[in-house]
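Heads up, the thing below is written out as C-alpha coordinates.
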Protein chains: 2
Amino acid sequence: MADDELNVAAASPSKSQRAYHWIKERIAGQDFTPGYRLVLRTIAEELGMSVVPVREAIRRLEAEGLVTFQRNVGAQVSMVDDTRYRASMQALSVLESAATALAAGHHTAEDLRHARQTNERMIETLSDFDPSTFTRLNQEFHAALYRRCPNARLLELVESEWARLAHLRESTFSFVPGRARQSVREHEHLLQLVEAGAPPAEIEKASRHHRSATLDAYLVHEHPDETLGLTAV
Amino acid sequence: MADDELNVAAASPSKSQRAYHWIKERIAGQDFTPGYRLVLRTIAEELGMSVVPVREAIRRLEAEGLVTFQRNVGAQVSMVDDTRYRASMQALSVLESAATALAAGHHTAEDLRHARQTNERMIETLSDFDPSTFTRLNQEFHAALYRRCPNARLLELVESEWARLAHLRESTFSFVPGRARQSVREHEHLLQLVEAGAPPAEIEKASRHHRSATLDAYLVHEHPDETLGLTAV
DNA sequence: GTATCCAATATCGTATATTATTGGGCCGAC
DNA sequence: GTCGGCCCAATAATATACGATATTGGATAC
(Lines give C-alpha, C1' and ligand atoms only; values in the text may rest on other atoms or scores of the structure.)
Protein backbone atom coordinates (compact mmCIF):
# COMPACT_ATOMS: atom_id res chain seq x y z
CA MET A 1 0.00 0.00 0.00
CA ALA A 2 2.81 2.35 0.88
CA ASP A 3 4.47 1.09 -2.28
CA ASP A 4 1.78 2.33 -4.55
CA GLU A 5 1.92 5.85 -3.36
CA LEU A 6 5.65 5.94 -3.70
CA ASN A 7 5.77 4.34 -7.12
CA VAL A 8 3.25 6.26 -9.10
CA ALA A 9 3.01 9.32 -6.90
CA ALA A 10 -0.39 10.87 -7.47
CA ALA A 11 -0.37 9.97 -11.15
CA SER A 12 -3.88 8.62 -11.60
CA PRO A 13 -3.87 5.24 -9.94
CA SER A 14 -4.70 2.42 -12.30
CA LYS A 15 -8.18 0.99 -12.25
CA SER A 16 -6.74 -2.22 -10.95
CA GLN A 17 -5.43 -0.36 -7.93
CA ARG A 18 -8.64 1.48 -7.36
CA ALA A 19 -10.46 -1.84 -7.36
CA TYR A 20 -7.89 -3.25 -4.96
CA HIS A 21 -8.32 -0.49 -2.42
CA TRP A 22 -12.07 -0.39 -2.84
CA ILE A 23 -12.47 -4.09 -2.12
CA LYS A 24 -9.97 -3.97 0.71
CA GLU A 25 -11.83 -1.11 2.32
CA ARG A 26 -15.08 -2.95 1.97
CA ILE A 27 -13.62 -5.99 3.69
CA ALA A 28 -12.06 -3.92 6.44
CA GLY A 29 -15.31 -2.07 6.91
CA GLN A 30 -17.24 -5.29 7.33
CA ASP A 31 -19.37 -4.64 4.25
CA PHE A 32 -17.93 -7.83 2.82
CA THR A 33 -17.83 -10.33 5.63
CA PRO A 34 -16.02 -13.69 5.57
CA GLY A 35 -17.70 -15.99 3.11
CA TYR A 36 -19.10 -13.13 1.03
CA ARG A 37 -18.95 -14.03 -2.61
CA LEU A 38 -17.13 -11.56 -4.80
CA VAL A 39 -18.69 -11.69 -8.27
CA LEU A 40 -16.36 -10.12 -10.79
CA ARG A 41 -18.97 -8.63 -13.10
CA THR A 42 -20.96 -7.17 -10.26
CA ILE A 43 -17.97 -5.41 -8.76
CA ALA A 44 -16.81 -4.28 -12.18
CA GLU A 45 -20.15 -2.68 -12.91
CA GLU A 46 -20.31 -1.03 -9.53
CA LEU A 47 -16.91 0.52 -10.11
CA GLY A 48 -17.60 1.38 -13.73
CA MET A 49 -14.82 -0.72 -15.19
CA SER A 50 -14.41 -4.04 -16.89
CA VAL A 51 -13.69 -7.32 -15.16
CA VAL A 52 -10.00 -7.54 -15.98
CA PRO A 53 -8.74 -4.97 -13.47
CA VAL A 54 -11.07 -6.43 -10.88
CA ARG A 55 -9.58 -9.87 -11.41
CA GLU A 56 -6.12 -8.49 -10.86
CA ALA A 57 -7.18 -6.75 -7.70
CA ILE A 58 -8.71 -9.91 -6.36
CA ARG A 59 -5.62 -11.90 -7.27
CA ARG A 60 -3.55 -9.52 -5.22
CA LEU A 61 -5.92 -9.78 -2.29
CA GLU A 62 -5.72 -13.53 -2.67
CA ALA A 63 -1.94 -13.42 -2.39
CA GLU A 64 -2.37 -11.41 0.78
CA GLY A 65 -4.76 -13.96 2.16
CA LEU A 66 -7.84 -11.76 2.44
CA VAL A 67 -9.63 -13.50 -0.39
CA THR A 68 -9.87 -17.12 -1.42
CA PHE A 69 -10.15 -18.21 -5.03
CA GLN A 70 -11.74 -21.39 -6.21
CA ARG A 71 -11.04 -22.35 -9.74
CA ASN A 72 -13.94 -21.78 -12.09
CA VAL A 73 -16.13 -20.97 -9.15
CA GLY A 74 -15.09 -17.58 -7.94
CA ALA A 75 -13.68 -15.60 -5.10
CA GLN A 76 -14.95 -15.07 -1.61
CA VAL A 77 -13.72 -13.24 1.44
CA SER A 78 -11.58 -15.70 3.33
CA MET A 79 -13.32 -17.71 5.97
CA VAL A 80 -11.47 -17.61 9.24
CA ASP A 81 -11.88 -20.46 11.63
CA ASP A 82 -10.51 -20.47 15.12
CA THR A 83 -7.31 -22.20 14.16
CA ARG A 84 -6.47 -19.72 11.45
CA TYR A 85 -7.33 -16.80 13.63
CA ARG A 86 -5.02 -17.97 16.36
CA ALA A 87 -2.30 -18.68 13.83
CA SER A 88 -2.52 -15.18 12.42
CA MET A 89 -2.53 -13.64 15.87
CA GLN A 90 0.56 -15.58 16.79
CA ALA A 91 2.30 -14.56 13.60
CA LEU A 92 1.37 -10.96 14.32
CA SER A 93 2.73 -11.32 17.81
CA VAL A 94 6.06 -12.57 16.53
CA LEU A 95 6.34 -9.94 13.83
CA GLU A 96 5.07 -6.94 15.72
CA SER A 97 7.07 -7.68 18.83
CA ALA A 98 10.23 -7.84 16.78
CA ALA A 99 9.34 -4.64 14.94
CA THR A 100 8.55 -2.85 18.17
CA ALA A 101 11.80 -3.98 19.71
CA LEU A 102 13.74 -2.78 16.70
CA ALA A 103 11.92 0.53 16.73
CA ALA A 104 13.31 1.25 20.19
CA GLY A 105 15.67 4.15 20.05
CA HIS A 106 14.16 5.48 16.85
CA HIS A 107 11.09 7.05 18.40
CA THR A 108 10.68 10.78 18.47
CA ALA A 109 9.28 12.51 21.52
CA GLU A 110 6.19 13.13 19.45
CA ASP A 111 5.76 9.41 18.78
CA LEU A 112 5.78 8.56 22.44
CA ARG A 113 3.51 11.44 23.32
CA HIS A 114 1.06 10.25 20.70
CA ALA A 115 1.19 6.69 21.99
CA ARG A 116 0.55 7.82 25.52
CA GLN A 117 -2.27 10.06 24.45
CA THR A 118 -3.85 7.24 22.49
CA ASN A 119 -3.71 4.93 25.44
CA GLU A 120 -5.29 7.57 27.62
CA ARG A 121 -8.10 7.93 25.18
CA MET A 122 -8.53 4.17 25.39
CA ILE A 123 -8.94 4.47 29.12
CA GLU A 124 -11.62 7.09 28.63
CA THR A 125 -13.41 4.79 26.22
CA LEU A 126 -13.54 2.05 28.82
CA SER A 127 -16.60 3.48 30.53
CA ASP A 128 -18.82 3.98 27.51
CA PHE A 129 -18.25 0.53 26.15
CA ASP A 130 -17.53 1.01 22.48
CA PRO A 131 -15.58 -1.92 21.04
CA SER A 132 -15.23 -0.32 17.64
CA THR A 133 -13.51 2.83 18.85
CA PHE A 134 -11.49 0.92 21.39
CA THR A 135 -10.20 -1.42 18.72
CA ARG A 136 -9.26 1.45 16.44
CA LEU A 137 -7.36 3.18 19.21
CA ASN A 138 -5.69 -0.09 20.11
CA GLN A 139 -4.40 -0.50 16.59
CA GLU A 140 -3.18 3.08 16.62
CA PHE A 141 -1.33 2.60 19.87
CA HIS A 142 0.50 -0.43 18.59
CA ALA A 143 1.27 1.25 15.30
CA ALA A 144 2.85 4.16 17.14
CA LEU A 145 5.23 1.77 18.83
CA TYR A 146 6.32 -0.29 15.83
CA ARG A 147 6.14 2.35 13.11
CA ARG A 148 9.74 3.53 13.52
CA CYS A 149 11.14 0.08 12.99
CA PRO A 150 14.01 0.60 10.54
CA ASN A 151 13.36 -2.73 8.88
CA ALA A 152 10.97 -1.93 6.05
CA ARG A 153 10.27 -5.56 5.29
CA LEU A 154 9.19 -6.31 8.83
CA LEU A 155 6.93 -3.30 8.71
CA GLU A 156 5.30 -4.57 5.54
CA LEU A 157 4.71 -7.96 7.10
CA VAL A 158 3.24 -6.46 10.25
CA GLU A 159 0.87 -4.24 8.29
CA SER A 160 -0.14 -7.13 6.10
CA GLU A 161 -0.94 -9.27 9.10
CA TRP A 162 -2.97 -6.51 10.67
CA ALA A 163 -4.99 -6.23 7.46
CA ARG A 164 -5.53 -9.96 7.49
CA LEU A 165 -7.09 -9.69 10.89
CA ALA A 166 -8.95 -6.50 10.09
CA HIS A 167 -12.24 -8.06 9.16
CA LEU A 168 -12.31 -9.68 12.57
CA ARG A 169 -11.48 -6.52 14.44
CA GLU A 170 -14.89 -6.04 15.92
CA SER A 171 -14.80 -9.39 17.59
CA THR A 172 -11.33 -9.00 19.00
CA PHE A 173 -12.33 -7.23 22.14
CA SER A 174 -16.07 -7.51 22.24
CA PHE A 175 -15.95 -10.92 23.80
CA VAL A 176 -14.04 -10.03 26.91
CA PRO A 177 -15.00 -6.68 28.36
CA GLY A 178 -12.89 -7.16 31.47
CA ARG A 179 -9.83 -7.81 29.37
CA ALA A 180 -9.79 -4.28 27.98
CA ARG A 181 -8.89 -2.80 31.33
CA GLN A 182 -5.91 -5.08 31.73
CA SER A 183 -4.90 -4.38 28.16
CA VAL A 184 -4.39 -0.66 28.74
CA ARG A 185 -2.36 -1.46 31.84
CA GLU A 186 -0.08 -3.63 29.75
CA HIS A 187 0.16 -0.86 27.21
CA GLU A 188 1.28 1.46 29.96
CA HIS A 189 3.96 -0.99 31.01
CA LEU A 190 5.17 -1.45 27.45
CA LEU A 191 5.28 2.26 26.91
CA GLN A 192 7.30 2.80 30.07
CA LEU A 193 9.84 0.25 28.91
CA VAL A 194 10.23 2.01 25.59
CA GLU A 195 10.49 5.43 27.20
CA ALA A 196 13.07 4.18 29.66
CA GLY A 197 15.19 2.90 26.80
CA ALA A 198 14.91 -0.73 27.85
CA PRO A 199 16.92 -3.25 25.82
CA PRO A 200 15.15 -4.57 22.71
CA ALA A 201 14.98 -8.08 24.11
CA GLU A 202 12.98 -6.90 27.06
CA ILE A 203 10.60 -4.88 24.91
CA GLU A 204 10.06 -7.83 22.63
CA LYS A 205 9.32 -10.04 25.59
CA ALA A 206 6.80 -7.61 27.01
CA SER A 207 5.10 -7.18 23.65
CA ARG A 208 4.71 -10.90 23.21
CA HIS A 209 3.41 -11.27 26.69
CA HIS A 210 0.79 -8.65 25.99
CA ARG A 211 -0.41 -10.42 22.86
CA SER A 212 -0.34 -13.75 24.56
CA ALA A 213 -2.49 -12.52 27.40
CA THR A 214 -4.95 -10.96 24.99
CA LEU A 215 -5.45 -14.18 23.12
CA ASP A 216 -5.47 -16.34 26.21
CA ALA A 217 -8.22 -14.20 27.62
CA TYR A 218 -10.86 -15.68 25.39
CA LEU A 219 -9.35 -18.74 23.82
CA VAL A 220 -8.73 -22.01 25.51
CA HIS A 221 -5.41 -23.38 24.40
CA GLU A 222 -5.51 -27.09 24.03
CA HIS A 223 -1.83 -27.11 23.17
CA PRO A 224 0.13 -25.19 25.78
CA ASP A 225 3.28 -25.38 23.69
CA GLU A 226 1.57 -23.32 21.05
CA THR A 227 1.34 -20.36 23.35
CA LEU A 228 1.97 -16.97 21.90
CA GLY A 229 4.58 -16.20 24.47
CA LEU A 230 7.48 -18.20 23.14
CA THR A 231 10.25 -16.40 24.96
CA ALA A 232 7.85 -14.65 27.28
CA VAL A 233 6.51 -17.74 29.07
CA MET B 1 1.84 -23.04 -3.56
CA ALA B 2 0.79 -25.85 -1.29
CA ASP B 3 -2.69 -24.42 -1.54
CA ASP B 4 -2.92 -24.93 -5.23
CA GLU B 5 -2.27 -28.61 -5.08
CA LEU B 6 -4.82 -29.08 -2.38
CA ASN B 7 -7.50 -26.99 -3.99
CA VAL B 8 -7.69 -28.26 -7.49
CA ALA B 9 -5.96 -31.58 -6.98
CA ALA B 10 -4.44 -32.57 -10.31
CA ALA B 11 -7.31 -31.06 -12.26
CA SER B 12 -5.44 -29.19 -14.98
CA PRO B 13 -3.98 -26.12 -13.33
CA SER B 14 -5.16 -22.90 -14.86
CA LYS B 15 -2.92 -21.17 -17.34
CA SER B 16 -2.49 -18.37 -14.88
CA GLN B 17 -1.07 -20.81 -12.37
CA ARG B 18 1.18 -22.47 -14.90
CA ALA B 19 2.58 -19.07 -15.76
CA TYR B 20 3.05 -18.29 -12.08
CA HIS B 21 5.05 -21.41 -11.39
CA TRP B 22 7.00 -21.14 -14.59
CA ILE B 23 8.16 -17.60 -13.87
CA LYS B 24 8.85 -18.39 -10.25
CA GLU B 25 11.00 -21.34 -11.24
CA ARG B 26 12.87 -19.20 -13.70
CA ILE B 27 13.60 -16.64 -11.03
CA ALA B 28 14.65 -19.25 -8.49
CA GLY B 29 16.82 -20.90 -11.12
CA GLN B 30 18.63 -17.67 -11.86
CA ASP B 31 17.42 -17.61 -15.46
CA PHE B 32 15.70 -14.36 -14.63
CA THR B 33 18.10 -12.38 -12.48
CA PRO B 34 17.23 -9.22 -10.53
CA GLY B 35 16.50 -6.41 -12.94
CA TYR B 36 15.48 -8.76 -15.74
CA ARG B 37 12.60 -7.27 -17.62
CA LEU B 38 9.52 -9.46 -17.88
CA VAL B 39 7.75 -8.61 -21.11
CA LEU B 40 4.20 -9.87 -21.08
CA ARG B 41 3.82 -10.75 -24.73
CA THR B 42 7.15 -12.51 -24.88
CA ILE B 43 6.35 -14.73 -21.92
CA ALA B 44 2.84 -15.34 -23.20
CA GLU B 45 4.15 -16.52 -26.54
CA GLU B 46 6.76 -18.72 -24.98
CA LEU B 47 4.08 -20.40 -22.87
CA GLY B 48 1.57 -20.55 -25.68
CA MET B 49 -1.07 -18.45 -24.00
CA SER B 50 -2.35 -14.91 -24.14
CA VAL B 51 -1.14 -12.05 -22.01
CA VAL B 52 -3.99 -12.01 -19.53
CA PRO B 53 -3.01 -15.07 -17.49
CA VAL B 54 0.59 -13.89 -17.55
CA ARG B 55 -0.43 -10.55 -16.13
CA GLU B 56 -2.21 -12.27 -13.29
CA ALA B 57 0.78 -14.44 -12.55
CA ILE B 58 3.04 -11.44 -12.45
CA ARG B 59 0.62 -9.58 -10.20
CA ARG B 60 0.75 -12.44 -7.76
CA LEU B 61 4.52 -12.49 -7.85
CA GLU B 62 4.45 -8.76 -7.29
CA ALA B 63 2.35 -9.21 -4.16
CA GLU B 64 4.93 -11.70 -2.95
CA GLY B 65 7.70 -9.24 -3.60
CA LEU B 66 9.60 -11.21 -6.23
CA VAL B 67 8.62 -8.87 -9.03
CA THR B 68 8.26 -5.12 -9.26
CA PHE B 69 5.69 -3.44 -11.43
CA GLN B 70 6.00 0.00 -12.88
CA ARG B 71 2.91 1.54 -14.34
CA ASN B 72 2.91 1.66 -18.11
CA VAL B 73 6.48 0.46 -18.14
CA GLY B 74 6.39 -3.16 -17.15
CA ALA B 75 7.56 -5.71 -14.68
CA GLN B 76 11.03 -6.73 -13.70
CA VAL B 77 12.54 -9.12 -11.22
CA SER B 78 12.94 -7.18 -8.01
CA MET B 79 16.24 -5.51 -7.50
CA VAL B 80 17.68 -6.23 -4.13
CA ASP B 81 20.03 -3.77 -2.59
CA ASP B 82 21.96 -4.42 0.56
CA THR B 83 19.38 -2.81 2.80
CA ARG B 84 16.54 -4.90 1.47
CA TYR B 85 18.56 -8.05 1.60
CA ARG B 86 19.40 -7.51 5.24
CA ALA B 87 15.81 -6.63 6.01
CA SER B 88 14.56 -9.83 4.45
CA MET B 89 17.18 -11.89 6.21
CA GLN B 90 16.19 -10.37 9.51
CA ALA B 91 12.52 -11.01 8.85
CA LEU B 92 13.37 -14.59 7.95
CA SER B 93 15.35 -14.88 11.16
CA VAL B 94 12.42 -13.73 13.24
CA LEU B 95 9.89 -15.91 11.46
CA GLU B 96 11.92 -19.05 11.09
CA SER B 97 13.24 -18.97 14.62
CA ALA B 98 9.71 -18.74 15.94
CA ALA B 99 8.55 -21.52 13.63
CA THR B 100 11.44 -23.74 14.64
CA ALA B 101 10.79 -23.13 18.30
CA LEU B 102 7.13 -23.98 17.87
CA ALA B 103 7.99 -27.11 15.93
CA ALA B 104 9.84 -28.47 18.95
CA GLY B 105 8.06 -31.51 20.28
CA HIS B 106 6.34 -32.19 16.99
CA HIS B 107 9.31 -33.72 15.23
CA THR B 108 9.31 -37.38 14.36
CA ALA B 109 12.45 -39.44 14.78
CA GLU B 110 12.64 -39.49 11.01
CA ASP B 111 12.66 -35.70 10.86
CA LEU B 112 15.61 -35.44 13.18
CA ARG B 113 17.45 -38.24 11.44
CA HIS B 114 16.94 -36.45 8.15
CA ALA B 115 18.16 -33.16 9.57
CA ARG B 116 21.27 -34.79 10.99
CA GLN B 117 21.97 -36.60 7.76
CA THR B 118 21.57 -33.39 5.78
CA ASN B 119 24.01 -31.58 8.02
CA GLU B 120 26.49 -34.41 7.64
CA ARG B 121 26.23 -34.15 3.91
CA MET B 122 26.94 -30.45 4.28
CA ILE B 123 30.14 -31.32 6.13
CA GLU B 124 31.18 -33.60 3.30
CA THR B 125 30.54 -30.81 0.82
CA LEU B 126 32.88 -28.52 2.70
CA SER B 127 35.98 -29.98 1.06
CA ASP B 128 34.89 -29.81 -2.55
CA PHE B 129 33.74 -26.24 -2.43
CA ASP B 130 30.34 -26.20 -4.06
CA PRO B 131 28.25 -23.23 -2.91
CA SER B 132 25.22 -24.28 -4.89
CA THR B 133 24.88 -27.71 -3.31
CA PHE B 134 25.82 -26.39 0.09
CA THR B 135 23.12 -23.78 -0.09
CA ARG B 136 20.51 -26.30 -1.16
CA LEU B 137 21.41 -28.59 1.72
CA ASN B 138 21.37 -25.65 4.08
CA GLN B 139 17.84 -24.79 3.08
CA GLU B 140 16.85 -28.42 3.50
CA PHE B 141 18.32 -28.60 6.97
CA HIS B 142 16.45 -25.56 8.14
CA ALA B 143 13.23 -26.75 6.53
CA ALA B 144 13.52 -30.04 8.40
CA LEU B 145 13.59 -28.13 11.67
CA TYR B 146 10.74 -25.72 11.08
CA ARG B 147 8.47 -27.87 8.93
CA ARG B 148 6.53 -29.38 11.82
CA CYS B 149 5.53 -26.01 13.18
CA PRO B 150 1.83 -26.36 13.93
CA ASN B 151 1.15 -22.76 12.97
CA ALA B 152 0.30 -22.92 9.28
CA ARG B 153 0.41 -19.18 8.84
CA LEU B 154 3.93 -18.90 10.20
CA LEU B 155 4.97 -21.69 7.85
CA GLU B 156 3.54 -19.80 4.89
CA LEU B 157 5.39 -16.66 5.89
CA VAL B 158 8.66 -18.52 6.34
CA GLU B 159 8.37 -20.21 2.95
CA SER B 160 7.46 -16.94 1.32
CA GLU B 161 10.49 -15.25 2.80
CA TRP B 162 12.75 -18.05 1.66
CA ALA B 163 11.40 -17.67 -1.86
CA ARG B 164 12.04 -13.97 -1.68
CA LEU B 165 15.66 -14.64 -0.96
CA ALA B 166 15.91 -17.53 -3.39
CA HIS B 167 17.29 -15.60 -6.30
CA LEU B 168 20.15 -14.49 -4.12
CA ARG B 169 20.93 -17.94 -2.82
CA GLU B 170 24.11 -18.38 -4.75
CA SER B 171 25.65 -15.36 -3.18
CA THR B 172 24.64 -16.23 0.34
CA PHE B 173 27.59 -18.41 1.12
CA SER B 174 29.96 -17.83 -1.70
CA PHE B 175 31.42 -14.74 -0.14
CA VAL B 176 32.62 -16.23 3.09
CA PRO B 177 34.08 -19.70 2.66
CA GLY B 178 35.29 -19.91 6.22
CA ARG B 179 31.81 -19.18 7.51
CA ALA B 180 30.42 -22.45 6.15
CA ARG B 181 32.41 -24.52 8.61
CA GLN B 182 31.10 -22.57 11.57
CA SER B 183 27.61 -22.77 10.16
CA VAL B 184 27.46 -26.55 10.30
CA ARG B 185 28.74 -26.42 13.87
CA GLU B 186 25.88 -24.12 14.79
CA HIS B 187 23.51 -26.47 13.02
CA GLU B 188 24.82 -29.28 15.16
CA HIS B 189 24.23 -27.24 18.29
CA LEU B 190 20.73 -26.31 17.23
CA LEU B 191 19.94 -29.90 16.40
CA GLN B 192 21.16 -31.08 19.80
CA LEU B 193 18.91 -28.59 21.51
CA VAL B 194 15.91 -29.83 19.59
CA GLU B 195 16.77 -33.46 20.18
CA ALA B 196 17.24 -32.84 23.89
CA GLY B 197 13.79 -31.28 24.09
CA ALA B 198 15.08 -27.87 25.05
CA PRO B 199 12.46 -25.22 25.84
CA PRO B 200 11.16 -23.28 22.82
CA ALA B 201 12.65 -20.03 24.06
CA GLU B 202 16.12 -21.52 24.05
CA ILE B 203 15.69 -22.97 20.57
CA GLU B 204 14.45 -19.68 19.26
CA LYS B 205 17.41 -17.90 20.77
CA ALA B 206 19.87 -20.33 19.22
CA SER B 207 18.21 -20.08 15.84
CA ARG B 208 18.40 -16.30 15.87
CA HIS B 209 21.98 -16.39 16.95
CA HIS B 210 22.80 -18.66 14.04
CA ARG B 211 21.19 -16.32 11.51
CA SER B 212 22.75 -13.32 13.11
CA ALA B 213 26.20 -14.81 12.90
CA THR B 214 25.66 -15.78 9.27
CA LEU B 215 24.76 -12.28 8.27
CA ASP B 216 27.37 -10.62 10.43
CA ALA B 217 29.99 -12.72 8.74
CA TYR B 218 29.92 -10.70 5.59
CA LEU B 219 28.01 -7.56 6.30
CA VAL B 220 29.21 -4.62 8.24
CA HIS B 221 26.46 -3.32 10.43
CA GLU B 222 26.48 0.38 10.73
CA HIS B 223 23.59 0.22 13.17
CA PRO B 224 24.36 -2.26 15.93
CA ASP B 225 20.84 -2.00 17.27
CA GLU B 226 19.54 -3.49 14.07
CA THR B 227 21.28 -6.74 14.72
CA LEU B 228 19.49 -9.92 13.82
CA GLY B 229 19.92 -11.28 17.26
CA LEU B 230 17.29 -9.30 19.10
CA THR B 231 16.99 -11.55 22.11
CA ALA B 232 20.08 -13.51 21.31
CA VAL B 233 22.62 -10.71 21.17
C1' DG C 1 30.34 18.50 -29.02
C1' DT C 2 26.35 18.65 -26.26
C1' DA C 3 21.72 19.39 -25.07
C1' DT C 4 16.91 19.42 -26.38
C1' DC C 5 12.96 18.24 -28.78
C1' DC C 6 10.17 15.28 -31.55
C1' DA C 7 8.62 11.22 -33.72
C1' DA C 8 8.64 6.22 -34.09
C1' DT C 9 8.15 2.06 -31.62
C1' DA C 10 7.57 -1.00 -28.05
C1' DT C 11 4.80 -2.16 -24.42
C1' DC C 12 1.32 -1.68 -21.26
C1' DG C 13 -3.82 -0.99 -19.63
C1' DT C 14 -8.41 -1.89 -20.46
C1' DA C 15 -12.57 -3.24 -22.99
C1' DT C 16 -15.02 -6.49 -25.49
C1' DA C 17 -15.86 -11.13 -27.23
C1' DT C 18 -15.50 -16.10 -26.94
C1' DT C 19 -15.04 -20.46 -24.74
C1' DA C 20 -15.19 -23.60 -20.75
C1' DT C 21 -16.80 -24.94 -16.39
C1' DT C 22 -19.79 -25.29 -12.65
C1' DG C 23 -24.08 -25.82 -10.02
C1' DG C 24 -28.84 -26.24 -9.79
C1' DG C 25 -33.21 -27.54 -11.39
C1' DC C 26 -36.00 -30.64 -14.10
C1' DC C 27 -37.33 -34.96 -15.74
C1' DG C 28 -37.54 -39.75 -16.11
C1' DA C 29 -36.47 -44.46 -14.36
C1' DC C 30 -36.64 -47.59 -10.81
C1' DG D 1 -40.85 -41.45 -3.40
C1' DT D 2 -36.15 -41.24 -4.36
C1' DC D 3 -32.13 -41.56 -6.99
C1' DG D 4 -29.47 -40.54 -11.07
C1' DG D 5 -28.56 -38.29 -15.29
C1' DC D 6 -29.36 -34.34 -18.47
C1' DC D 7 -29.89 -29.59 -19.67
C1' DC D 8 -29.67 -24.68 -18.95
C1' DA D 9 -28.29 -20.40 -16.69
C1' DA D 10 -24.62 -18.08 -14.36
C1' DT D 11 -20.00 -17.16 -14.07
C1' DA D 12 -15.23 -17.65 -14.51
C1' DA D 13 -11.10 -18.17 -17.78
C1' DT D 14 -8.94 -16.84 -21.74
C1' DA D 15 -8.27 -14.63 -26.29
C1' DT D 16 -8.26 -10.72 -29.13
C1' DA D 17 -8.37 -5.84 -30.15
C1' DC D 18 -7.56 -1.13 -29.51
C1' DG D 19 -6.22 3.04 -27.22
C1' DA D 20 -2.78 5.13 -24.02
C1' DT D 21 1.79 5.83 -22.32
C1' DA D 22 6.72 5.65 -21.81
C1' DT D 23 11.16 4.90 -23.87
C1' DT D 24 14.21 5.24 -27.74
C1' DG D 25 17.09 7.16 -31.07
C1' DG D 26 17.91 10.59 -34.26
C1' DA D 27 17.78 15.24 -35.98
C1' DT D 28 18.45 19.99 -35.07
C1' DA D 29 19.90 24.10 -32.71
C1' DC D 30 23.23 26.22 -29.86
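Lettering follows sequence order; numbering is per chain, from 1.
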Quiz item: Any side-chain donor paired with an acceptor under 3.5 Å for A:W22 and A:E46?
Solution: no
Quiz item: Is a side-chain donor or acceptor of B:T125 paired with a backbone partner of B:F134 at a separation under 3.5 angstrom?
Solution: no
Self-check item: Backbone of A:H114 reached by a side-chain donor or acceptor of A:T118 within 3.5 Å
Solution: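 The answer is yes, because a donor-acceptor pair under 3.5 Å joins these two groups.
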Considering residues, nucleotides and ligands other than [X], do more than 12 of their heavy atoms fall under 6.0 Å from its [atom1]?
X: B:E45; atom1: CD; answer: yes
X: B:R84; atom1: CZ; answer: no
X: B:R121; atom1: CZ; answer: no

Quiz prompt | Nucleotide interval of DNA chain C bounded by contacts with chain B (heavy-atom cut-off, under 4.0 Å) | solution = C:dT11 to C:dT14
Quiz item: What string of B, S and - do you get for nucleotides 8-22 of chain D, 5' to 3', when a contact is any protein heavy atom under 4.0 Å?
Solution: ---SSSBBB----SS
Quiz prompt | Centroid separation B:H210 to B:H142 less than 6.0 Å | solution = yes
